[in-house]
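One structure is given below, encoded as structure tokens.
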Amino acid sequence: MSDEPHRALEVEGLTVTYRRGQGSLDAVRNVSLRIAEGQAYGLVGESGSGKSTLALAIMQYLPENGLISGGAIRLAGQELATLPGEQMRQVWREQIKLVPQDPGSSLNPSLRIGDQLDEALSDGGETRGGVRERSLEQLRQVHIADPERVAASYPHQLSGGMQQRVLIAMALAGQPSLLILDEPTTNLDVTTEAAILDLVCELVQSHQTAMLYVSHNLAVVAAVCDRIAVLYAGELVEDLTPEQLRSQPLHPYTVGLLDSLPRVGQRAGVDPLLPIAGNMPRLDEVPAGCVFAPRCPIALQLCHELRPDLEATQQGSLVRCHRWREIQAGAVDLRAARPANVTAPDESLSGKIALETKDLVKHFPVRRSLREALRRTPPRSVHAVDDVSLQVGQRRTLGLVGESGSGKTTTARCIVGLVERTGGEVSLFDIALAPGLDGRDAAVLHRLQMVFQNPEEALNPHRTVGDVLQRSLERMRGLGKTEARQQAGRLLEAVRLPPSYLDHTPGQLSGGEKQRVAIARAFASNPDVLILDESVSALDVSVQASILNLLTDLQSEQGSAYLFISHDLAAVSYLADDIAVMYLGQVVEIGPTEQVLQPPFHPYTEALLSAVPRIDAAAGIERILLSGDLPSAVDPPGGCRFHTRCPRLLGEICRTQAPPWQQAAPGHRYRCHIAPNELAAMQSPAFRDHITTVSP
Amino acid sequence: MSRYIARRLLFLLLTLLLTSMIIFVVTQWLPGDVARVILGREASEPALAALRAELGLDQPLPLQYVSWLGRFLTGDWGTSYSTGEPVRALVLERAGNSMMLAGLTLLIAVPLSLLLGVVAGLKADKPLDATISIGSLAVVGLPEFVTGLILIEVFAFRLHLFPANSSIRPGTGFFEALPQLVLPALTATFVLLAYVTRLTRAGVVEEMRQGYVRTATLKGLPRRTVVGRHVLRNALLPTITVLAISFGWLIGGLIVIENVFNYPGLGRLMTFAIDRRDLPLMQAITLITVLAFALANLGADLLYAGLNPRIRLE
Amino acid sequence: MAGNTTGGGSQPASLATHERRALPAVFTRWWHALRELYARPSSALGTTLVLVFLAMALFGPLIAPYSATEQISGAARQAPSVQHLFGTDHLGRDVFSRVVLGARDILALAGLGTLFAVVIGTLIGLFSAYRGGLTDEVTFRFFDSLLALPALLLALLVLGVVGPSRNSVLVVLVIVYVPIVARVVRSVVLSTKQKGYVEAARLQGESTASIVRRDIFPSVTPALTVEAGLRFSYAIFLVASLGFLGVGVQPPNPDWGLMVSQARPYVSLTPWALYFPAAAIALLVIGVNLAADGLKRVMLPGREV
Amino acid sequence: PPPAGSPASEPAAADATGAPAPAQPAASSTLRVAMEAPVQLDPAFASSDSEIAILNAVYDYLVDVDENNRLQPRLASSVVASEDGLSYTVELQPNATFHDGSPVTAADVIYTFNRLRDPEAGLPTADLYSNIVDIAAPEGSDPATGTTVVFTLQAPDPFFQYNLSDNHALIVKAGTEDPTADFNGSGPFKVVNYSPEDRMELVANDAYFIDGKPGVDNLEFIFFADQTAAVDALKGGQVDLNMRMATPLYLSLQGEPGIVTSSIPTNGFDLVRLRADREPGNDPRVIEAFKLATDRQAIFDTVTLGLGAVGNDSPIGPLYADYYSTDAVAPARDVAKARELLAAAGYADGLSLDLYVPESGDRVALAEVLQQQWQEAGINVDIKSVPESVYYGSDNPDQNWLGATLGITGWGSRPYPQFYLDVMLVCDAKWNESHFCDEEFDQLATMAGTTLDEQERMEAYKDIQHILIERGPIIVPYFFAQLGAISDRFENFNMKAFAGRTDLAAITPAQ
Ligand SMILES: Nc1ncnc2c1ncn2[C@@H]1O[C@H](COP(=O)(O)OP(=O)(O)OP(=O)(O)O)[C@@H](O)[C@H]1O
Ligand SMILES: Nc1ncnc2c1ncn2[C@@H]1O[C@H](COP(=O)(O)OP(=O)(O)OP(=O)(O)O)[C@@H](O)[C@H]1O
Ligand SMILES: [Mg+2]
Ligand SMILES: [Mg+2]
């Protein structure tokens with residue numbers, strides 16, 4: 001006891017049970033964790049693995065139907081479960097703090113930020129002014145530049161990133177001995193995520209607080225934490241350090257998670273992702289043996305029968321696997337055991353342009369107020385898309401990246417005709433397309449399809465998968481009922497789903513499966529061009545990886561061209577032959593993927609790139625933080641639109657003159673006042689090294 | 001916010017205009033010869049024709065509407081067919097009385113139902129919740145005319161606490177009229193109680209699930225602060241709108257209640273007007289009611305917007 | 001079954017199984033819903049009350065010892081007794097029989113009124129909101145104006161125009177409730193319209209009618225069911241109020257509101273003739289409300305309003 | 001002279017407008033009367049009980065009719081008929097004055113009656129007074145100061161004095177255009193405040209020409225839309241007098257402490273009438289079937305709860321003692337025979353009709369009982385209950401009282417029976433709602449209405465009753481009683497058959 005570091009938190013054999021209807025399920029089973037003072041502990045796992053449940057159990061704040069049915073939770077040696085209400089409140093006030101997953105709903109929408117902070121800080125003995133002073137100090141601590149303004153704001157007036165900072169400030173208020181962050185960045189932009197991660201790291205170091213950091217992204221956890229626990233279906237399967245994670249993870253699940261994560265520069269055709277097959281088991285019917293066995297590429301008979309124990313390795317990590325020793329010894333190859341039937345894209349057919357936009361413009365008019373109308377203030381508009389010219393070659397993939405609000409979705413919707421463009425042209429194989437859907441004939445419609453972002457809304461919840469596909473086939477290919485039904489089966493097969501799914505309703509499918517069906521539906525007409533708008537962003541890493549692979553396969557089978565939209569540069573670069581980077585309605589950089597990922601890049605691209613969380617702690621890549629939020633698209637900044645946030649701002653010229661297109665390499669252009677060679681010199685050569693290391 | 005108000009006002013005017021049209025057309029469609037009603041069943045045909053001409057009833061409908069609206073807007077609400085008195089003074093006086101009754105009703109009903117709703121919401125799915133919701137439904141399930149009857153029997157005839165009858169004199173002030181207002185107001189309270197209680201309860205339950213409640217609780221705040229400072233503020237917001245809607249219910253309820261208690265308000269005047277096919281009176285009452293209802297809605301919307309930063313700062 | 005999965009089987013056979021499976025599926029859904037309703041005391045109470053009244057409506061003639069209009073000679077104004085459970089009214093009619101037989105009337109009237117209002121309101125709401133544009137704007141402005149009139153006032157005016165009768169009450173219910181239902185439907189349509197699957201259907205060139213029918217309408221049904229339940233309970237009340245005001249269903253129908261209103265002058269002579277039908281109204285309103293609450297929980301889980 | 005115990009001073013008037021009733025000093029008495037709200041307060045148009053009640057307190061008739069239908073002097077101290085029955089000389093009370101202080105003169109009477117009989121003005125009384133040739137002051141007397149008026153008739157009218165007492169014949173001041181502007185009557189009470197649809201407040205006219213009247217210092221009419229509410233108010237002590245109420249409400253007041261109820265027989269009746277000029281009523285067998293299918297005694301027992309009198313299908317009721325024939329009795333109920341008659345008339349499978357009923361009084365209950373009784377004989381009726389304003393005012397000729405095939409109409413009590421025959425049953429009667437047209441009947445009615453031989457008239461009326469019972473397309477199931485109740489803090493309340501004509505000025509506080 002004496003030689004061990006002081007424990008901030010001890011979780012011993014924790015089991016959490018949810019009542020559900022008549023039955024019940026154990027969402028967390030026999031989990032033990034120890035977090036020392038000043039230690040940052042990461043908790044990863046797919047969606048539904050029980051991360052939030054564990055976090056809330058530690059907080060002693062489970063939903064009404066939840067119950068700690070076994071084990072103990074001790075905070076600084078004190079058992080929490082037995083604490084009376086008043087003392088637990090004391091603990092909440094002073095010792096443990098939670099930063100919740102969804103910042104938007106975690107702040108009271110009708111109280112000012114300052115008041116909500118004051119509440120967390122005040123202990124009753126202080127004057128109001130004194131408390132407010134400390135609140136402002138707290139805001140400054142989380143790098144909020146203008147704390148007075150923020151304190152006087154209501155939550156809805158702040159961006160997601162700012163809200164998250166406020167919540168972190170709130171959590172740090174009482175100098176807690178334990179800080180739990182539950183997916184604090186999951187719904188945020190990459191750039192914002194990066195900033196928050198930096199902040200968390202910094203705070204943990206300066207405060208010496210014990211921290212439990214929950215995420216489904218291994219790269220994020222690895223970047224922040226000293227130690228990582230991997231949770232699968234409510235069980236702890238591995239507990240290791242980031243170094244061990246990088247060098248030698250021992251559990252097949254951990255390895256699977258790692259291999260599902262695209263790294264910047266990794267290319268589909270060359271170095272495919274290796275996603276974990278299958279789905280997590282339902283928690284009310286956990287398999288008898290190893291929980292991971294059904295999905296494990298190297299599972300033995302034993303694994304299906306006997307539940308492995310959590311064993312300690314010589315290196316001090318913990319692992320729950322029958323075969324960890326063999327893995328450690330390199331006796332089994334986890335990767336070879338998995339089929340990676342990815343075919344390299346066929347470069348020969350490229351050349352023809354499948355989809356082209358010329359100077360595409362979309363302005364949404366802003367409603368004028370009565371007073372403005374009377375004063376004849378000229379009508380204003382949201383410059384959602386400004387002069388965007390893109391080309392997608394036949395059988396090729398163009399990736400479109402940019403922060404939230406940069407106009408990616410609007411571009412896509414203008415192309416397919418869901419939104420009528422304000423100006424410019426769109427053509428499909430030289431056929432000019434009418435702005436609206438009504439003006440396009442069926443043949444054209446069928447050649448251009450789109451898959452939407454939110455898998456939950458992708459399918460009509462009231463129709464079976466079979467109905468959905470059949471209807472598309474009847475409609476777009478003019479097939480009869482029986483034939484359509486057979487074809488529907490084939491389509492399902494194409495997206496690697498069993499034919500039995502024809503009778504499933506969307507409610508019975510996981511998010512990834514829904515997205516597969518949506519893709520199958522889009523492929524019903526064999527489209528020439530398929531637009532994918534953030535189609536994988538909402539999915540777990542492993543699911544995302546398998547869909548990315550599916551898309552590559554389908555492209556090589558069907559020969560469609562893709563416009564692939566994402567805010568995640570890693571995912572885009574994995575799939576795309578060419579990349580276009582959008583900022584505030586404009587394309588700021590465009591070119592072949594390899595080129596765009598190598599210096600010189602547009603400063604904005606550089607920032608995006610540096611923000612991507614990396615497992616391998618980025619040898620020498622310095623993070624480029626963008627200051628402030630995306631400016632309003634109603635009155636976009638004059639000159640270079642990026643000048644308000646640009647880390648490489650030259651000066652007056654950027655503010656007043658629109659930058660010219662600079663040619664970095666053949667086919668690779670960017671919009672900046674800085675010439676290619678100068679720009680390259682400013683930028684970290686580590687990028688180039690880093691990228692070349694992954695792409696052979 | 002000012003933009004919001006301007007837009008709401010514009011919609012209000014539009015709605016009122018349309019409603020006035022509906023009212024006018026519908027009242028014109030009512031069967032029954034106005035002249036006959038005025039002159040009685042013994043009147044002769046020439047006298048009837050003369051009266052019709054005098055009232056302008058022989059003109060085309062749109063013309064009648066425009067001139068009616070024009071006169072209405074300039075404050076000339078016409079002369080009651082049945083009393084021969086100018087409509088405006090009469091309607092405004094009765095509107096004042098109805099306001100007193102509605103006011104007292106709201107004074108009783110709002111705090112009571114909010115209290116019940118909040119308690120039920122906090123104790124959701126516990127026996128107390130079920131008791132409140134079934135109890136409040138039971139009183140709303142009983143029609144006003146039955147509750148009125150029971151209240152009169154108990155409070156007037158058995159306990160002699162309040163008068164059985166509320167025919168107050170013209171010009172009676174609120175406090176003077178108070179004893180006579182109590183029973184009708186209680187009856188009207190029952191009309192609103194369940195509705196407001198249930199919606200308040202729903203608001204509280206809904207808000208208790210929100211993330212910010214967890215945030216507040218985990219700050220270590222005592223429960224009463226969490227509820228009082230965080231939950232109610234948001235939970236009661238929708239109740240404001242609900243109150244405006246229930247104001248419409250109240251108006252409907254008053255038609256029956258004022259008759260049962262013989263209270264000289266708009267509701268009783270309305271039955272009088274309908275019985276006697278007194279179009280100017282009917283039109284004026286309906287329009288004034290709609291205006292009150294619309295203003296209540298507007299007020300609620302503005303209050304809602306004023307209290308809800310998400311709209312206020314838009 | 002097994003043969004069916006391998007090789008697809010013959011088409012008719014597979015269609016047939018499809019049908020066969022669909023039918024019980026509906027039943028199990030209802031069975032499931034009913035079980036959920038009974039999972040909570042308050043909605044169980046409500047559902048029971050509604051079922052009791054429903055049974056009364058269906059089997060009323062079997063339960064009621066007398067007809068609704070029979071004036072038993074020499075038996076006027078009798079207090080409740082074994083012969084006349086709820087006593088007799090001023091004309092010697094058996095109040096118990098009238099209450100029991102009146103259930104059919106009120107349920108049919110309120111039910112049909114609600115049904116028509118829901119169907120019409122749904123159609124208008126669906127198409128108007130999906131199409132959008134000026135007609136939508138105008139339609140709903142008009143509805144707003146109708147809604148600006150308190151329901152009872154509107155009902156009185158309309159009944160004044162069309163004259164009192166059972167059909168008039170139906171017309172009134174429709175006029176009063178169509179705008180409300182249409183608004184509810186519209187709000188769902190407006191949010192559903194943005195959903196990916198609707199846009200996908202549009203991208204595949206589906207017709208408006210087909211999108212509305214297949215994609216939008218199903219999402220409207222839960223909210224619609226709940227709204228219909230709510231409307232139903234208000235309809236009962238409105239029908240009763242109109243009966244009371246004498247502008248609704250005509251005598252000698254055993255309409256509960258009318259019974260209360262007719263018994264009112266006789267309250268000191270035959271109080272039972274007033275309180276029993278009044279209690280019936282109250283119980284039915286309570287029942288429908290509680291059941292509708294329960295239905296809301298089943299149909300729109302997680303939503304409280 | 002002012003009534004005893006009531007000082008003729010201002011405070012009483014001021015008091016009446018201000019403080020609520022209970023706060024009144026004991027010295028001043030207020031009678032609060034519950035009434036339906038009046039529509040018309042111009043005497044020439046007024047017709048309902050409440051209208052007449054108010055006007056009867058504010059104005060005076062020349063002659064009045066007492067509880068027993070006997071003529072009483074009022075503003076006229078004497079009425080003398082000439083031998084030939086063609087002229088009537090009216091002598092006015094010498095000290096009668098209008099509320100504005102001016103004396104009541106011959107000119108006012110002439111003005112009033114000329115207005116009432118002017119065919120141009122289209123007043124309902126024009127017909128009633130069409131027999132008058134001239135109204136004038138006697139030769140040599142100035143109508144503006146004189147108090148004698150002579151009415152000259154075209155033909156003798158045995159009921160002329162009753163006509164002078166017609167409900168509308170309240171004397172207004174000569175030259176009055178709009179009597180509702182200031183209610184300048186000569187009656188026992190002066191209007192202090194009128195709040196339409198709500199109440200009317202009056203004070204005693206201290207200068208009233210009849211000694212000892214009015215008996216109370218203040219009179220207040222409080223208007224009720226709902227009869228039950230009015231009765232509750234009486235029970236609760238918020239009003240003192242309530243007349244003309246539904247039978248069950250009256251019964252509920254009996255035995256109530258502090259309340260004195262009174263019920264008097266009247267000749268008012270609810271008339272069930274079938275149009276005789278169209279199917280199915282144009283077949284006498286159908287009319288007979290209706291009569292045979294009806295059980296009047298049962299209706300009397302359940303609908304009027306035994307108050308009033310059983311009817312015999314003729315408007316000449318037992319109240320008109322000498323005119324009423326005790327041997328003219330409607331046939332006993334015979335359902336089988338009714339069926340037979342219907343079958344013979346071609347309605348073997350039954351007969352379906354709408355029954356229009358104004359929803360007031362006991363009429364809806366009457367309709368329900370009739371429906372049940374008739375149904376047994378194969379006559380199926382649908383009850384259409386409508387507001388009175390629709391029943392009397394609807395422009396749909398098939399639904400209003402003069403046009404509907406089958407309906408129930410209420411007829412108020414009149415002091416003499418001829419009125420009913422003239423306006424509702426003779427061929428060209430103005431309100432011949434049953435469209436009855438019978439030569440023999442018409443001859444008898446004309447004769448009864450003009451003969452000066454009382455015996456002849458009695459015979460004619462008896463024959464008329466037989467005719468109506470036999471073939472009149474009408475059923476008079478009952479004559480209702482007039483029902484009233486007053487707080488025992490007052491006495492001298494003598495209700496009249498037409499409640500509005502009750503002399504409120506005679507009521508005094510109880511000793
Ligand atoms: N209140 C609850 N009642 C019943 N089951 C629940 C409840 N909350 C969560 N669960 C179930 O418990 C399991 C673990 O849920 P939990 O939210 O802890 O997962 P998670 O790892 O945080 O997932 P995510 O990444 O999606 O946030 C899931 O299967 C979930 O469906
Ligand atoms: N219908 C609309 N009306 C008005 N403004 C709109 C509309 N649709 C989008 N915008 C605005 O256009 C801009 C670009 O939005 P868009 O959705 O295209 O961005 P995005 O890059 O897809 O963002 P995200 O990553 O959040 O999906 C934003 O400022 C947005 O607010
Ligand atoms: Mg979670
Ligand atoms: Mg987007």
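Just so it is clear: chains get the letters A, B, ... in the order the sequence lines come, proteins before strands, and each one is counted from 1. All values reported here derive from a predicted model rather than from experimental measurement.
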Heavy-atom contacts under 4.5 Å, residues 181-188 of chain B to chain D: none
Residue part contacting chain B, namely of D:Gln238, when any heavy atom lies under 4.5 Å: side chain
Can the ring centres of B:Phe157 and B:Phe162 be said to be less than 6.0 Å apart? no
Does a salt bridge link D:Asp398 with D:Lys384, judged by any charged N lying under 4.0 Å from a carboxylate O? no
When you measure from the side chain of D:Thr176 to the backbone of D:Val172, do you find a donor-acceptor pair of N or O atoms at a distance under 3.5 Å? no
Side-chain heavy atoms of D:Met245 within contact of D:Leu253, under 4.5 Å: yes
Taking side chain to side chain donor-acceptor pair (under 3.5 Å) as the definition, give me every residue that meets it alongside D:Asp49, ordered by chain and number, with sequence neighbours left out. D:Arg244
Assess the side chains of D:Arg501 and D:Ser165: does a donor N or O sit below 3.5 Å from an acceptor N or O? yes
Below 4.5 Å from any heavy atom of chain D, which atoms of B:Thr271 appear? Answer side chain, backbone, both or neither. neither
Looking only at D:Asp178, D:Asp127, D:Asp226, D:Asp198, the option with the highest number of non-hydrogen pairs under 4.5 Å against chain B is D:Asp198
Could you check whether D:Asn218 and D:Thr30, counting side-chain N and O atoms only, form a donor-acceptor pair closer than 3.5 Å? yes
Please state whether the side chain, the backbone, both or neither of B:Ile152 comes within less than 4.5 Å of a heavy atom of chain D. side chain
Which residues share a salt bridge (Lys or Arg N to Asp or Glu O under 4.0 Å) with B:Glu85, sequence neighbours left out: none
Do we see a donor-acceptor contact under 3.5 Å between the side chains of B:Asp278 and B:Ser80? yes
From the list B:Ala156, B:Pro170, B:Ala273, the residue making the most non-hydrogen contacts under 4.5 Å with chain D is B:Pro170
If you count heavy-atom pairs within less than 4.5 Å of chain B, which of D:Pro196, D:Gly236, D:Ala230, D:Ala44 leads? D:Pro196
Charged N to carboxylate O below 4.0 Å: is that the case for D:Glu220 and D:Arg32? no
Contacting region of D:Tyr391 [heavy-atom separation from chain B under 4.5 Å]: neither
Any side-chain donor paired with an acceptor under 3.5 Å for D:Glu36 and D:Ser48? no
Between D:Tyr194 and D:Arg199, what is the shortest heavy-atom contact and its length? CD1-O, 3.6 Å
What are the residues of residues 255-267 of chain B, in order of number, with any heavy atom under 4.5 angstrom from a heavy atom of chain D? B:Asn259, B:Val260, B:Asn262, B:Pro264
Do the side-chain N and O atoms of B:Arg71 and B:Ser67 include a donor-acceptor pair separated by under 3.5 angstrom? yes
Sort out for me which of B:Ala89, B:Pro163, B:Gly171 touches chain D most, counting heavy-atom pairs under 4.5 Å. B:Pro163
